[in-house]
*Asks:* 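Encoded as structure tokens, here's the structure I'll be asking about.
The chains referred to below are lettered A, B, ... by the order of the sequence lines, with proteins before strands, and numbering in each begins at 1. Scope of the values below: all heavy atoms of this structure, side chains included, with no hydrogens, waters or symmetry mates.
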Amino acid sequence: MKILQLHLNFIEYRPVEKEISLAEDIEPKTYRLDELVALFTCVEKGDTTETARRAIDEVRAFLNKVKVNRVLIYPYAHLSSDLASPSEAITILREMESYAKLLGIEVYRAPFGWCKEFSMSVKGHPLAEQFKSISAEGEAVKEEVVSKALEAEEKIKSYWFILKPDGEMVPVEKFDFAGYENLRKFAAYEMAKSRAVHQQPPHTLLMKKLELADYEEASDPGNFRWYPKGELIKSLIEEFVTEKVIEYGALKVETPVMYDINHPALASYFHRFPARQYIVKSEDKELFLRFSACFGQFLMLSDAQISYRHLPLKIYELTHYSFRREKSGELAGLRRLRAFTMPDCHALCADMEQAKEEAIKRLKLSIEVLEGIGLTRDDYEMAIRFTKDFYESNRDFIMSLVKIFGKPALIEMWEERFFYFVLKWEFNFVDNLDKASALSTDQIDVENAERYGIYYVDERGEKRTPLILHCSPSGAIERDIYALLEKAYKVYKSGGVPMLPLWLSPTQVRVIPVSGSFYKEAESLVREIAEHRIRVDWDDRPLTMQRKIREAEMEWIPYIVVIGGEEISSQLLTVRDRRLKGGQKLRKMRLEELIDEIKRETSGKPFKPLTLPAALSKRPRFRG
RNA sequence: GCCCCGGUAGCUUAGCGGUUAUAGCAGCGGCCUUGUAAGCCGCGGGUCGCGGGUUCAAAUCCCGCCCGGGGCUCCA
């Protein structure tokens, strides 16, 4: 017996005409049921009333789980090629019905032998769609989940290890995590993934308080608004990542954000995860919003003429945005969004040797990028995932990844390949709630070149399929900001002073005149500093100096310069340095020294002006 | 999507069946103006998330929806 079990919002069906003479008598009107579990049932040769009862026992366990007590038994022959005879089938279906009634289930049965039309709405939770195969012999009942991805997940067998930089591979349960607290948390999160935390993630409070970003109720959940300061930080990181990837040698392109659901090259991708897409209905077609830059770039590459001389060929796009309609309960501040900004760099490689060589370069690139953004190796943990086959023939390569990273890494090894890649690594940030999320990642893809018809021509003039690496050197930009804010909060929690890297601080220098009589001097100081491409502003509001300093500190401003009579007569500035503690906070320095110090510390990083007025009295408040 | 928790002024919040719904910060008006984390006085400001219901009476109780947080699950 085969049962397609669906948890429904509703179903409507209408018997249209009898298909066989044995068909049951019934009034041919429209029947409707709400909030139920439908059992599309196919009776096979060899099924008995015993099979029927066992099937209902199975179903009842599920009903308890989803707290539903209404069931529709719907004869559905299309699930098997080994059907029982109609008379047997009717008997068994009736047995299911009466046994279910006996168990106190509210049960309905659609008529057998009719051609019926029906429409229904299936619920969206992971257990809503299940396929059951109930055997006649009474052996264990198999339960399969219909979604291909979930099916793959079931088959997957993972073996977890810690790989040390010296090359030793230790099963996770035998590894001594002393001194590797962060790695322990990461491993625990990856392997168990169940942890009850009832706390607002700290970064969501900070993103509002610092006027960086906020929820936008008028949009879909997980689509954010960005205030001027947040937009500045975000676009600075975007530009930095882009500069680094271009320096690495990638070709920067731009591709559409939406694609035709019915395009042959994309259909298989789309239909694999239809519930995760945003759909846009246009005049005569349906389009889905991209969840990564893969399609656009692959379609472009499949039209390109590529020679082995061009390889490795690197292509890059910064997606504004990528869309993933994550389930509402999965969204979390800037950590998990439905619309996010994702650098995506692919590399076509001639063969595995070239792919490995290139992967090493990209690993180093990713470390540099995170370092530049302000995350050191203490802030993230490495995971490497691969198939057993790949491991056996590429041990040295895997070791070298860990050696470059320089800390023990979490290893997940799969018995067989069910994704499109043979290896992938990630850097994962562990936050204040002990949640881990991936930042940088790279994958070795052995499948998509063929699927998209991407070829290169080798030395002998023959068409060959390249390998494709998929790398995001920083991960989603929003997630980088999440990591910076969570890191700042960690510092704060342990008694330190939270701040952003100088090159990302919206205001780098705040000038505060001691009183109204020094506004002129303050303004000209601001002009002078701004000429050096430093983000400087000044507090011209009618408040006390103490108050202005307090507010500048609450904005995490790295340098606060107070200007009054002393500074003007001595030609020395009094600079309050956020990084210093207590009595040491105040430094006496010449203007040129301050400028030099800032230029030195921000060298190699992009600069953008803050799009807010330099005079604070002219600034609106976006929040509180 | 399901389960649990929450939503009161721009922000943080008191009130949790019974006068005209608290307060601080912010905003606006005025006063005050020299040394490193909150100067003083006054004035505005509320569809108590939205919709429905129960009640003589609802911010308060019930139902549905929206938004946020957490969990389940998932992350191509």
*Asks:* Reckon A:Leu331 touches a base, only the sugar-phosphate, or nothing at all at heavy-atom distances under 4.0 Å?
*Replies:*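 Answer is sugar-phosphate: A:Leu331 comes under 4.0 Å of backbone atoms only.
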
*Asks:* Looking at A:Lys548, A:Arg510, A:Arg576, which one forms a salt bridge (charged side-chain N to carboxylate O under 4.0 Å, His left out) with A:Glu553?
*Replies:*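 Running salt bridge (charged side-chain N to carboxylate O under 4.0 Å, His left out) over A:Lys548, A:Arg510, A:Arg576 with A:Glu553 returns exactly one hit, A:Arg576.
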
*Asks:* So what does A:Pro201 touch, heavy atoms closer than 4.0 Å: a base, only the sugar-phosphate, or nothing?
*Replies:*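 Touches sugar-phosphate only.
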
*Asks:* Using atom P in both nucleotides, what's the gap between B:U19 and B:A58 to the nearest angstrom?
*Replies:*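 Looking at atom P only, B:U19 and B:A58 are 12 Å apart.
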
*Asks:* Let me spell it out: for each of A:Tyr215 and A:Arg324, pick the nucleotide of RNA chain B with the closest heavy atom. Which residue's pick is nearer the 5' end?
*Replies:*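 Its nearest nucleotide being more 5', the pick is A:Tyr215.
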
*Asks:* Return a single string for nucleotides 27-40 of chain B, one symbol per nucleotide in 5' to 3' order, where B is base contact, S is sugar-phosphate-only contact and - is none, cutoff 4.0 angstrom on heavy atoms.
*Replies:* ------SBBBBBB-

*Asks:* Taking any strand in view, what nucleotide pairs with B:C2 in a Watson-Crick or G-U wobble way, both distances under 3.5 Å?
*Replies:*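 Pair assignment: B:C2 / B:G71.
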
*Asks:* Could you check how far CG of A:Leu205 sits from C1' of B:G69, rounded to whole Å?
*Replies:*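 So the two atoms are 11 Å apart, to the nearest Å.
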
*Asks:* Starting from the 5' end of RNA chain B, give me the residue, A:Phe323 or A:Thr204, whose nearest nucleotide shows up first.
*Replies:*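 It is A:Thr204 whose nearest nucleotide is closer to the 5' end.
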
*Asks:* Round to the nearest Å and state the distance from A:Arg338 atom CZ to B:C75 atom P.
*Replies:*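 Rounded to the whole Å, the gap is 16 Å.
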
*Asks:* With a 4.0 Å cut-off on heavy atoms, is A:Ala332 in touch with a base, just the backbone sugar-phosphate, or nothing at all?
*Replies:*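 Sugar-phosphate contact only.
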
*Asks:* Between A:Met207 (CE) and B:G69 (C1'), how many Å, whole number?
*Replies:*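 Rounding to the nearest Å, CE of A:Met207 and C1' of B:G69 are 11 Å apart.
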
*Asks:* Rounding to the closest angstrom, what is the interatomic distance between B:G35 and B:A14 at atom P?
*Replies:*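 Here B:G35 and B:A14 have their P atoms 39 Å from each other.
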
*Asks:* Determine the Euclidean distance between corresponding C1' atoms of B:A59 and B:C2; express it in Å to zero decimal places.
*Replies:*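 The same atom, C1', in both gives a distance of 29 Å.
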
*Asks:* Would you call the rings of A:Trp414 and A:Phe421 parallel, tilted or perpendicular if under 30° counts as parallel and over 60° as perpendicular?
*Replies:*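 Aromatic pair A:Trp414/A:Phe421 classed tilted.
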
*Asks:* Just name whichever nucleotide pairs with B:A26, Watson-Crick or G-U, keeping both distances under 3.5 Å, else none.
*Replies:*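 Partner of B:A26: none.
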
*Asks:* Which pair of heavy atoms, one from A:Ile534 and one from A:Val509, lies closest together, and at what distance?
*Replies:*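 Closest heavy-atom pair between A:Ile534 and A:Val509: CG2-CG2, 4.0 Å.
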
*Asks:* On the 0 to 90° scale, with breaks at 30° and 60°, tag the A:Phe386-A:Phe390 ring pair as parallel, tilted or perpendicular.
*Replies:*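 Taking A:Phe390 first and then A:Phe386, their aromatic rings sit tilted (interplane angle of 30° to 60°).
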
*Asks:* Taking atom P of B:G69 as reference, at what distance in whole Å does atom CZ of A:Arg336 sit?
*Replies:*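 In whole Å, B:G69 P and A:Arg336 CZ are 13 Å from each other.
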
*Asks:* Round to the nearest Å and state the distance from A:Arg325 atom CZ to B:C74 atom P.
*Replies:*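 Checked: the CZ to P distance equals 18 Å.
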
*Asks:* For the C1' atoms, the ones on B:C67 and on B:C74, what distance do you get once it is rounded to whole angstrom?
*Replies:*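 About 22 Å, rounded to a whole number of Å.
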
*Asks:* Indicate yes or no for a side-chain donor-acceptor contact from A:Glu211 to the backbone of A:Lys208 under 3.5 Å, with no hydrogens or angles considered.
*Replies:*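 Checking the backbone N and O of A:Lys208 against the side chain of A:Glu211, no donor-acceptor pair under 3.5 Å is found.
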
*Asks:* Can you name the nearest heavy-atom pair linking A:Pro473 to A:Val241, along with the distance?
*Replies:*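 Looking at all heavy atoms of both residues, the shortest contact is CG-CG1, 4.1 Å.
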
*Asks:* What interatomic distance, in whole Å, is found between P of B:A37 and the corresponding atom of B:C72?
*Replies:*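 Here B:C72 and B:A37 have their P atoms 45 Å from each other.
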
*Asks:* Give the ring-plane orientation class for A:Tyr278 versus A:Phe323, where under 30° counts as parallel, over 60° as perpendicular and anything between as tilted.
*Replies:*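 Ring orientation, 0 to 90° scale: perpendicular.
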
*Asks:* Send over the distance from A:Arg623 CZ to B:A9 C1', rounded to a whole Å.
*Replies:*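 Going from CZ in A:Arg623 over to C1' in B:A9 covers 14 Å.
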
*Asks:* Side chain of A:Gln277 only, heavy atoms from C-beta on: which candidate in B:A76, B:U73, B:G70 is closest?
*Replies:*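 The answer is B:A76.
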
*Asks:* Write down the distance separating the C1' atoms in B:C48 and B:U20, rounded off to the nearest Å.
*Replies:*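 Between the two C1' atoms, the distance is 15 Å.
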
*Asks:* Rounded to whole angstrom, note down the P distance from B:G6 over to B:G49.
*Replies:*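 Those two atoms are separated by 13 Å.
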
*Asks:* Rounded to whole angstroms, how far apart are CZ on A:Phe291 and P on B:C75?
*Replies:*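 It works out to 13 Å between those atoms.
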
*Asks:* For atom C1', what is the distance between B:U60 and B:G17, given to the nearest Å?
*Replies:*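 Taking atom C1' in both B:U60 and B:G17, they lie 6 Å apart.
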
*Asks:* Do the ring planes of A:Phe298 and A:His470 sit parallel (below 30°), tilted (30 to 60°) or perpendicular (above 60°)?
*Replies:*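 Geometry flag for A:His470 against A:Phe298: perpendicular rings.
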
*Asks:* Could you check how far CZ of A:Phe298 sits from P of B:A76, rounded to whole Å?
*Replies:*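 It is 14 Å, rounded to the nearest whole Å.
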
*Asks:* Quick one: does A:Asp577's side chain get under 4.5 Å of A:Glu597's, heavy atoms only?
*Replies:*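 Yes. Closest side-chain heavy atoms under 4.5 Å.
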
